[in-house]
Amino acid sequence: MRTRRGVAEPTAQNRRVRDMVTAARRVVVKIGSSSLTTAGGGLDDERVDALVDTLGALAGQGREVVLVSSGAIAAGLAPLGLPRRPRDLATQQAAASVGQGLLIGRYAASFARRRLTVGQVLLTVDDVTRRAHYRNAYRTLRKLLDLRAVPIVNENDTVATEEIRFGDNDRLAALVAALVDADLLVLLSDVDALWTGDPTRPGAARITEVRDERDLAGVAFGGAGRAGVGTGGMVTKVEAARIATGFGIPVVLTAAPLAAPALAGEPVGTLFHPSRRRPAARLFWLAHATSPRGRLHLDPGAVAAVVGRRKSLLPAGITAVDGAFTAGDPVDLVDAEGAPVARGLVNYDAVELPGLLGRSTTELAAALGPAYEREVVHRDDLVLL
């Protein structure tokens with residue numbers, strides 16, 4: 001088998017993959033719409049049962065399993081008489097409203113064959129970036145696992161707006177893996193591995209391992225799945241792998257029919273090696289799961305304090321404010337050239353800040369009251385970019 005760096009020794013490759021996978025006690029598995037549904041939008045019972053049998057066997061070994069499953073919108077197409085995935089948000093939400101019940105009901109029935117209970121967890125970005133919501137999401141998932149249930153996670157498409165969407169479930173899966181401190185993330189697709197190009201064309205080579213960005217040089221990423229009901233493509237899966245490996249979680253990317261051998265540690269698909277360190281989980285979510293609602297322009301002294309000394313951001317170091325945000329929203333902190341240097345959760349509404357800029361917290365407390373003797377962004381709610 002060839003990698004982008006030459007020929008890998010099969011026995012060593014087998015051992016590396018098997019050790020990483022079989023040693024994982026907490027596993028997050030993501031499956032896409034095109035691997036669960038027919039081209040017409042209905043759920044494929046055989047595909048669902050095959051996946052459940054694989055995950056049920058994993059749970060039977062005493063390992064914890066979290067399933068991140070697409071398919072709600074796709075499952076709702078046929079019942080609503082929709083010929084294809086809608087483009088407008090309102091119709092997507094309607095399809096998700098119908099399809100999510102069908103999807104979780106099908107999973108519940110299939111897992112029941114193995115005497116396993118499922119728990120539905122629907123998330124929006126706000127659920128995992130605001131401090132109290134983040135703790136609640138973690139506690140719910142942790143308790144489901146403690147009770148030997150299988151959490152089935154999806155984006156809450158029925159209420160999510162464009163401003164608070166994860167964007168795709170590959171990204172959601174990587175972030176859930178970080179949230180539950182997973183030992184392994186498995187991304188299941190309709191393609192058996194990461195290839196250097198379209199695998200149906202001559203000259204394309206399968207990439208068996210990715211250790212760093214050099215192994216991805218020159219790779220041509222494809223679009224959405226063949227069934228036309230998904231939103232992702234290989235580019236979203238590689239980005240999800242970047243997110244998860246950046247948190248120290250190994251990733252296996254392969255086709256859904258290869259889930260069983262992949263989880264058994266066989267060298268199928270592509271293995272993405274993890275980094276050696278894990279950042280703080282909630283700040284990791286802040287960096288990768290949020291979209292900024294505004295920007296705070298910092299003077300050079302504030303940039304040095306925030307970036308160099310990891311200090312909180314105070315009003316005195318802000319020169320300008322962009323955006324229409326409220327307290328608790330994520331905002332980007334930018335330098336004099338407008339380049340983002342950090343992201344944080346702001347403690348003030350946008351309309352409050354202009355009158356506070358350039359003033360010390362002591363001065364503000366004396367003039368406006370003790371409630372104003374606080375940071376604009378506390379260092380505990382701030383991540384460097």
Side-chain angles (χ1 to χ4, degrees), residues 123-138 159-167 175 178-179 243 246-247 277-385:
L123 298 175
T124 66
V125 168
D126 274 355
D127 292 326
V128 288
T129 53
R130 297 178 186 267
R131 185 181 303 220
H133 294 193
Y134 174 89
R135 289 198 299 264
N136 289 339
Y138 171 79
V159 299
T161 63
E162 294 293 350
E163 290 76 18
I164 59 170
R165 293 177 69 87
F166 290 99
L175 296 169
L179 175 64
I243 293 172
F247 194 73
R277 61 181 180 84
R278 289 194 172 190
R282 193 178 70 87
L283 296 184
F284 187 81
W285 274 85
L286 180 60
H288 293 287
T290 60
S291 297
R293 310 288 176 82
R295 304 199 306 170
L296 306 180
H297 295 258
L298 278 55
D299 64 28
V303 172
V306 168
V307 177
R309 302 195 299 275
R310 304 301 300 269
K311 297 292 187 180
S312 299
L313 176 63
L314 302 176
I318 304 174
T319 60
V321 177
D322 298 333
F325 51 84
T326 59
D329 283 344
V331 296
D332 274 355
L333 282 52
V334 304
D335 61 18
E337 285 72 42
V341 297
R343 182 171 299 164
L345 302 180
V346 66
N347 288 324
Y348 291 90
D349 295 347
V351 295
E352 293 181 275
L353 279 174
L356 311 181
L357 304 189
R359 303 169 70 181
S360 71
T361 52
T362 302
E363 175 189 352
L364 290 171
L368 302 174
Y372 287 85
E373 193 173 11
R374 69 183 190 273
E375 307 86 350
V376 176
V377 178
H378 193 277
R379 64 184 180 183
D380 291 343
D381 293 325
L382 186 151
V383 62
L384 301 183
L385 299 177

For this session: Starting from the C-alpha separation in whole Å, work towards a yes-or-no answer on side-chain contact (heavy atoms from CB on, under 4.5 Å) for Val307 and Leu384.
Result: CA-CA 7 Å; Val307 177; Leu384 301 183; 4.2 Å; yes
Any side-chain to backbone donor/acceptor pair from [X] onto [Y]? Under 3.5 Å, distance only.
{"X": "Glu373", "Y": "Pro370", "value": "no"}
{"X": "Asp299", "Y": "Gly301", "value": "yes"}
{"X": "Asp381", "Y": "His378", "value": "no"}
{"X": "Thr319", "Y": "His297", "value": "yes"}
{"X": "Asp322", "Y": "Arg295", "value": "no"}

[Y] and [X], any side-chain heavy atoms less than 4.5 Å apart:
{"X": "Tyr372", "Y": "Glu363", "result": "no"}
{"X": "Val376", "Y": "Leu356", "result": "no"}
{"X": "Val331", "Y": "Leu345", "result": "no"}
{"X": "Phe284", "Y": "Ile243", "result": "yes"}
{"X": "Leu296", "Y": "Val377", "result": "yes"}
{"X": "Val334", "Y": "Leu298", "result": "no"}

Looking only at heavy atoms, what is the nearest atom pair of [X] and [Y], with distance?
{"X": "Pro292", "Y": "Asp332", "answer": "CG-OD2, 3.5 Å"}
{"X": "Ala302", "Y": "Leu313", "answer": "CB-CD1, 4.2 Å"}
{"X": "Pro315", "Y": "Arg359", "answer": "CB-O, 3.6 Å"}
{"X": "Tyr348", "Y": "Glu375", "answer": "CE1-O, 3.7 Å"}
{"X": "Gly323", "Y": "Ala350", "answer": "O-CB, 3.5 Å"}
{"X": "Ala342", "Y": "Val306", "answer": "CB-CG1, 4.2 Å"}

Problem set entry | Euclidean distance, Asp329 CG relative to Ser291 OG, rounded to 0.5 Å | 11.5 Å
Exercise. Between CG of Leu333 and CG of Leu382, what distance do you get to the nearest 0.5 Å?
Worked result: 5.5 Å
Problem set entry | Arg374 atom CZ, neighbour heavy-atom count above 12 within 6.0 Å | yes
For this session: Show your working on side-chain contact (heavy atoms from CB on, under 4.5 Å) between Val346 and Phe325 and close with a plain yes or no.
Result: CA-CA 9 Å; Val346 66; Phe325 51 84; 3.6 Å; yes
